[in-house]
Amino acid sequence: MSNCIFCKIIARELQSKIVYEDDICMAFDDVNPQAPVHVLIVPREHIPTLNDLTGNHKEMLGHLCMVVNKVAEIKKIKERGFRVAINCNPAGGQMVYHLHVHVMGGRQMTWPPG
Ligand code: 5GP
Ligand code: ZN
């Protein structure tokens with residue numbers, strides 16, 4: 001998608017602080033972190049929202065969960081704990097319409113989130 005900010009980051013047309021990458025996804029620091037650690041895990045495929053997933057995406061989703069573990073380890077928040085979130089559509093607080101997983105940690109998370 002030519003006007004998608006995360007597609008541009010994946011294509012390295014825009015700069016980001018890459019934490020991890022493989023052939024399926026890229027993980028980079030959020031530009032406006034809401035916690036000391038705030039990483040976004042983004043599939044290379046442009047999928048707008050969680051609602052657009054199909055059965056063909058099952059393996060990719062499982063992979064993203066494994067990458068959550070990897071990112072938590074790299075950022076040294078694995079044992080203490082962390083928050084994982086996917087926002088969907090306006091009421092879910094989604095701002096960028098390219099599916100992404102938030103991994104947040106390094107502070108005590110509260111519940112319910114805002
Ligand atoms: P959403 O609200 O869609 O779930 O989250 C979008 C996230 O992307 C926000 O946390 C926002 O700070 C982050 N973000 C928006 N633009 C950029 C950017 O250009 N670079 C990076 N690294 N993060 C971005
Ligand atoms: Zn995209």
Side-chain angles (χ1 to χ4, degrees):
M1 282 282 283
S2 56
N3 60 350
C4 170
I5 205 160
F6 287 175
C7 281
K8 283 183 179 156
I9 287 175
I10 287 163
R12 293 175 196 258
E13 289 166 20
L14 282 178
Q15 268 205 328
S16 70
K17 289 185 79 178
I18 297 170
V19 174
Y20 170 85
E21 67 177 322
D22 58 31
D23 54 341
I24 296 170
C25 67
M26 184 184 266
F28 48 85
D29 287 334
D30 196 295
V31 77
N32 181 25
Q34 301 303 307
V37 173
H38 189 169
V39 175
L40 304 174
I41 303 172
V42 180
R44 290 189 187 276
E45 182 184 351
H46 179 88
I47 303 163
T49 80
L50 204 66
N51 290 341
D52 299 302
L53 291 169
T54 70
N56 294 336
H57 292 117
K58 280 183 186 172
E59 200 168 316
M60 181 273 285
L61 280 173
H63 181 77
L64 294 189
C65 287
M66 297 309 296
V67 173
V68 168
N69 281 351
K70 228 175 261 258
V71 165
E73 200 167 315
I74 291 166
K75 291 290 190 175
K76 302 187 183 348
I77 56 172
K78 192 167 180 170
E79 297 311 322
R80 187 179 167 204
F82 52 90
R83 171 75 46 81
V84 175
I86 299 177
N87 299 326
C88 183
N89 278 344
Q94 186 171 6
M95 305 282 280
V96 177
Y97 281 77
H98 179 135
L99 183 70
H100 52 281
V101 179
H102 295 257
V103 182
M104 287 166 282
R107 67 167 168 85
Q108 182 61 51
M109 294 295 158
T110 59
W111 194 264

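For clarity, every value in this text was computed on a predicted model and none was experimentally measured. Whatever order the structure lists ligands and atoms in, that order sets their numbers, starting from 1. If you read the sequence from its start, that first residue is 1, and numbering goes on from there.
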Against heavy atoms of H100, which atoms of ligand 1 measure under 4.0 Å? 1 (P), 3 (O), 4 (O), 5 (O), 6 (C)
Option nearest atom 10 (O) of ligand 1 (shortest heavy-atom distance, choices D30, L40, D29, V96): D30
Heavy atoms only: give me the nearest S16-F28 pair and the separation to one decimal. OG-CB, 3.7 Å
Around the Zn ion (ligand 2), how many protein N, O or S atoms are there at under 2.8 Å? 4
Verify the neighbour count for atom CE of M109: are there more than 12 heavy atoms of other residues, nucleotides or ligands below 6.0 Å? yes
Distance from I5 atom CD1 to Y97 atom OH, nearest 0.5 Å? 14.5 Å
Within the side chain of H98, is there an N or O that forms a donor-acceptor pair under 3.5 Å with the backbone of P43? yes
Out of curiosity, is K17 lining ligand 1, as in a heavy atom under 4.0 Å away? no
Please list the nearest protein heavy atom to atom 16 (N) of ligand 1 with its residue and the distance rounded to 0.1 Å. I5 CD1, 4.0 Å
Who's the nearest protein heavy-atom neighbour of atom 24 (C) of ligand 1, and how far? V31 CG1, 3.4 Å
Output the list of atoms in ligand 1 that are nearer than 4.0 Å to some heavy atom of M95, sorted by atom number. 1 (P), 2 (O), 3 (O)
Between M60 and L53, does a side-chain contact (heavy atoms from CB on, under 4.5 Å) hold up when you go through it step by step? CA-CA 10 Å; M60 181 273 285; L53 291 169; 4.3 Å; yes
Can you give me the closest heavy-atom contact between A35 and M104, atom names plus distance? CB-CB, 4.2 Å
Which salt bridge (Lys or Arg N to Asp or Glu O under 4.0 Å) pairs, counting each pair once, include a residue from residues 70-93, with sequence neighbours left out? D29-K75, E73-K78
Smallest heavy-atom separation, L99 atom then T49 atom, equals CD1-C, 4.1 Å
Looking only at atom types and distance, does a side-chain atom of Q94 sit under 3.5 Å from a main-chain N or O of P48, one as donor and one as acceptor? yes
At their closest point, which heavy atom of D22 faces which heavy atom of H63, and how far apart are they? OD2-NE2, 2.6 Å
Element-labelled atoms of ligand 1 that are located less than 4.0 Å from some non-hydrogen atom of N87: 1 (P), 2 (O), 4 (O)
Yes or no: does I86 have any heavy atom under 4.0 Å from an atom of ligand 1? no
Side-chain donor-acceptor contact under 3.5 Å, E45 with H57: yes
Rounded at 0.5 Å granularity, tell me how far OG in S2 sits from CD in E13. 9.5 Å
The protein heavy atom nearest to atom 2 (O) of ligand 1 is G93 O, 2.9 Å
So for ligand 1, is H38 a polar contact partner (N or O within less than 3.5 Å, distance only)? no
Taking only non-hydrogen atoms of N32 and a 4.0 Å limit, the atoms of ligand 1 in range are 12 (O)
F6 heavy atoms within 4.0 Å reach ligand 1 at atoms 8 (O)
Which bit of Y97 is near ligand 1, meaning a heavy atom under 4.0 Å away: side chain, backbone, both or neither? neither
